[in-house]
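What follows is one structure encoded as structure tokens, with my remarks underneath.
What's counted below: heavy atoms across the whole structure, side chains too, no hydrogens, waters or symmetry copies. Ligands are counted one by one from 1 in listed order, and the atoms in each one are counted from 1 as well.
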Amino acid sequence: MNSGSPIDRRKLLQGTLGLAAGAALARSANAQLANRAPYGAPSLAPVRLELLAAPGTAQIQTGVTTNVWRYTGTQLSGSHRALLPIPGSHLGPAIRLFQGERAIVRVTNQLGEDHVVHWHGLDVPEDMDGHPMNQFAHGASYTYDFTVLNRAGTYWYHSHTDMRTGIQAYRGLAGPLIVSDAQEQALPLPRGAFDLPLVLQDASFDAAGQLSYSPLTMQDGFLGTTQLVNGKAGYVLPVATRVYRFRVLNGATARVYKLAWSDGTPMVVIGNDGGLLAAPVTKPYVTLAPGERAELWADFRSHPVGSQFTLRSLPFSGVSNGQGAQLDLMQVHVTQAQPETLQLPTSLSTITPYLPQQALNWNTPRTFAITRPMALPFVLNGAAFQMTGVAANEIVRRDTLERVRITNTAGPMIVAHPIHFHGRQFQVYSRSVSSTYLTGWQSLNQGFIDQGWKDTVLVMPGETIDLLVRYTGYTGLFLYHCHNLFHEDMGMMRNLRVDP
Ligand SMILES: [Cu+2]
């Protein structure tokens with residue numbers, strides 16, 4: 001069954017913007033056989049986990065009980081603790097794995113609708129990647145079995161259900177996935193209680209305190225009125241006069257954040273989507289689009305006990321009409337004096353830049369345009385999502401390096417789109433923006449973290465971005481899509497077919 005026709009998605013659009021959401025379509029069988037042998041060698045005993053996806057309740061707002069969907073994790077085996085629940089949060093527990101480790105995660109669906117889990121940023125086989133063709137029904141389980149090939153970094157896992165990714169992730173079906181490796185372990189970075197995930201989301205509530213998901217417009221998608229950190233409104237983080245490693249993950253369905261400290265302290269960035277940067281980067285603010293991650297070195301040594309400040313999103317323009325107001329995200333309260341000896345390392349990791357001439361197609365970049373057909377949702381590469389459909393220019397060779405160009409330059413209703421590629425991490429080679437859209441671009445561009453490894457990149461209006469992408473070593477269908485989850489659910493998603 002093919003879910004890609006504009007008719008289906010137009011119906012869903014009407015349904016979602018109105019009262020009822022469309023039902024997920026039945027999954028289709030995939031004729032494509034994946035190459036499932038890992039190309040890294042597992043070095044540790046497998047980590048076996050159970051994740052139950054089911055309805056539950058949470059105190060997102062203090063004193064108010066809200067119905068959510070949540071992952072509840074259980075560790076069955078493994079040589080280390082692999083589940084670190086976020087205290088008090090309805091979000092999924094942080095899953096901690098090591099490079100080279102095999103993870104076997106059995107997910108059971110008790111949601112009352114189809115579900116599938118994507119391991120965002122990880123390089124895993126086709127049938128482990130959370131493609132909606134592998135979604136499974138209420139009452140069923142699916143066992144994900146993969147070897148962690150990725151380097152240390154802040155990845156995440158979340159719903160990727162056909163036309164239901166937005167609502168499922170919004171209601172809580174998302175969590176951090178932390179990978180460590182030997183190089184990272186050897187660095188003097190904050191650990192334990194000083195190494196914290198900060199998952200940013202926004203939400204809206206009805207009069208009864210229940211989550212509402214009502215996308216504003218096609219351009220905006222869903223923008224909530226309440227800012228959440230780790231599943232809490234009005235989040236307050238007590239800290240000591242120490243250094244913290246904040247793993248900030250934009251888990252919002254559509255909102256872009258321009259992150260800054262209220263006291264004007266610059267942001268010290270040590271990592272992004274694909275792990276630690278080669279060296280720390282200091283920025284006036286950090287631009288973080290849905291799906292992206294930024295690791296911050298937050299040094300509170302010079303802040304006296306009793307001081308308070310705010311992590312906020314500064315004003316910006318150009319993303320979409322509904323976005324860009326200043327927002328307070330969380331309060332930091334310095335509550336304890338403690339000694340600290342850590343110094344910011346001058347070097348963090350080894351990142352070898354791809355050379356342009358290494359790309360097979362340097363002179364003819366593989367180009368995917370963002371467009372919006374008249375009165376229809378946004379699309380990538382000229383067509384809405386088809387479950388197993390690929391266009392002629394969406395067939396690539398495994399493990400080859402290519403120059404991939406994304407353009408966001410067509411049409412009268414241009415907005416920003418965070419574009420995510422499944423499979424391997426890529427490098428951002430260049431950005432250019434047309435003068436018409438320069439003002440909005442300049443309100444965010446100093447916060448782009450284009451160094452290092454990326455799996456999601458914000459493509460601003462009027463912008464053309466060139467990436468250097470070495471495709472996954474696995475074969476099969478791997479998605480690329482907009483991480484504005486409303487856009488994705490409306491069909492702004494395509495397959496790349498990775499051939500041997
Ligand atoms: Cu989009």
Checklist entry - So do Y155 and W119 actually touch side chain to side chain, heavy atoms under 4.5 Å? => result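 A side-chain contact under 4.5 Å is absent here.
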Next on the checklist: Is the positively charged end of R405 above the ring of F368, judged by distance under 6.0 angstrom from the centroid and angle within 45° of the axis?
Outcome noted: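 Cation-pi check for R405 and F368: fails.
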Item to check | Polar protein atoms near the Cu ion (ligand 1) [N, O or S; cut-off under 2.8 Å] | outcome: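 N, O, S partners closer than 2.8 Å: H417 ND1, C482 SG, H487 ND1.
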Checklist entry - How about N109 and H138: does a side-chain donor come under 3.5 Å of a side-chain acceptor? => result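 Judged by distance alone, the side chains do not pair up.
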Next on the checklist: Quick check: Y144 with Y142 (ring centres under 6.0 Å apart)?
Outcome noted: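 Under 6.0 Å, so yes.
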Next on the checklist: Can you confirm if the aromatic rings of H422 and H160 lie within a centre distance of less than 6.0 Å?
Outcome noted: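 That pair passes the under 6.0 Å test.
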Item to check | Aromatic plane relationship, Y71 with H115 - under 30° parallel, 30 to 60° tilted, over 60° perpendicular | outcome: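 If you compare the ring of H115 with that of Y71, the planes turn out tilted.
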